[in-house]
Amino acid sequence: MNKEEFIQELNKININVSEEQMNNLDTFSSLLKEYNKKFNLTSITNNNDIYLKHFYDSIFLMSIEEFKNKSTLLDIGTGAGFPGIPLAIFNKNMKFYLVESNTKKCNFMQMIKEKLNLENVEIINKRAEDFAKENREKFDLATSRAVTQLKILLELEIPALKINGLFIPLKGEYELELKDSEKTLKSLSSQVKKVYQYNLPKENSKRSIIVIEKTKKTNEIYPREYSKIIKDSKNTK
Ligand code: SAM
């Protein structure tokens with residue numbers, strides 16, 4: 001996807017792109033390619049792929065109704081910045097908390113934050129389960145892309161959401177993962193409100209956004225130790 005196609009595709013989902021936002025994305029893309037040579041931050045390295053598979057894919061989240069009129073978003077396992085940084089470039093009135101356990105990826109995101117003056121971004125070099133324990137019932141929205149199975153993510157993110165807060169992970173095929181998460185959804189007093197399904201432009205691969213609402217305060221036992229979460233994820237439904 002070249003830059004013109006990127007702008008056109010976003011216009012189709014009612015997202016306008018300013019010159020400043022394009023300049024910010026260009027700087028981000030150049031630095032990602034440059035630092036990737038040294039630090040191996042992402043497997044997507046070609047400019048057109050960065051615009052499609054990183055930028056468009058991240059920004060799509062803004063098009064859903066549930067994203068609108070919110071103040072805070074938690075992104076777990078942001079890696080080199082996705083979806084959190086493109087979303088922060090387009091939503092200066094929201095605050096983004098990007099949690100990533102890998103220090104070199106956090107250092108890269110910190111450098112991008114400073115270069116682009118993203119005062120609405122906080123980068124947290126921690127494991128998600130530790131962060132969620134210390135930041136309970138705090139965020140309006142939570143998301144994640146390409147980190148782990150839904151039922152594991154639920155335990156890492158739901159405790160950090162406010163009551164009535166929404167977890168909106170970016171997924172590919174979602175049906176099996178959702179079926180496998182039924183028990184976890186109940187334990188975490190959460191329910192599926194809606195699923196958005198769409199195809200990524202150009203390559204047509206399947207995407208979905210599951211909208212999950214937290215209905216009650218989370219029991220203090222969650223999130224458990226990561227080893228326990230993983231062990232249970234292999235045994236139970
Ligand atoms: N979300 C980014 C994307 O879509 O490009 C990065 C995806 S990368 C495949 C998964 C990232 O999640 C890695 O950078 C990894 O360090 C991070 N991660 C995995 N488990 C984590 C945890 N429990 N807490 C914080 N970060 C975690």
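The model shown is predicted, which means the values in this text are computed figures rather than measured ones. Index from 1, following the sequence. Basis for what follows: all heavy atoms, side chains included, without hydrogens, waters or symmetry-related copies. For ligands, and for the atoms within them, numbers begin at 1 and follow the listed sequence.
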Chemist: Is K217 paired with E220 through a side-chain N to carboxylate O contact shorter than 4.0 Å?
Modeler: yes

Chemist: Under 6.0 Å between ring centres: does that hold for Y97 and F139?
Modeler: yes

Chemist: Please name all residues satisfying ring pair (Phe, Tyr, Trp, His ring centres under 6.0 Å) with F28, sequence neighbours left out, ordered by chain then number.
Modeler: F55, F82

Chemist: Enumerate the residue pairs fulfilling ring pair (Phe, Tyr, Trp, His ring centres under 6.0 Å) with a member in residues 145-181, sequence neighbours excluded, ordered by first and then second residue.
Modeler: none

Chemist: Can you name the one residue among F90, Y198, F6, Y196 that meets ring-ring contact (aromatic ring centres under 6.0 Å, His included) with F60?
Modeler: Y198

Chemist: Please identify each residue that fulfils ring pair (Phe, Tyr, Trp, His ring centres under 6.0 Å) with Y226, with sequence neighbours left out.
Modeler: none

Chemist: When you check ligand 1 against the protein, what N or O pairs turn up below 3.5 Å? List the atom names and distances, or just say none.
Modeler:
unit_1   : atom_1 : unit_2 : atom_2 : d
ligand 1 : 1 (N)  : G77    : O      : 2.8
ligand 1 : 1 (N)  : F82    : O      : 2.8
ligand 1 : 1 (N)  : R145   : O      : 2.8
ligand 1 : 4 (O)  : R145   : O      : 3.3
ligand 1 : 4 (O)  : R145   : NE     : 2.6
ligand 1 : 4 (O)  : R145   : NH2    : 3.1
ligand 1 : 5 (O)  : R145   : NH2    : 3.1
ligand 1 : 14 (O) : E100   : OE1    : 2.8
ligand 1 : 14 (O) : E100   : OE2    : 3.1
ligand 1 : 14 (O) : K105   : NZ     : 3.0
ligand 1 : 16 (O) : E100   : OE2    : 2.6
ligand 1 : 23 (N) : R127   : NH2    : 2.9
ligand 1 : 23 (N) : E129   : OE1    : 3.1
ligand 1 : 24 (N) : A128   : N      : 2.8
ligand 1 : 26 (N) : S101   : N      : 3.3
ligand 1 : 26 (N) : S101   : OG     : 3.3

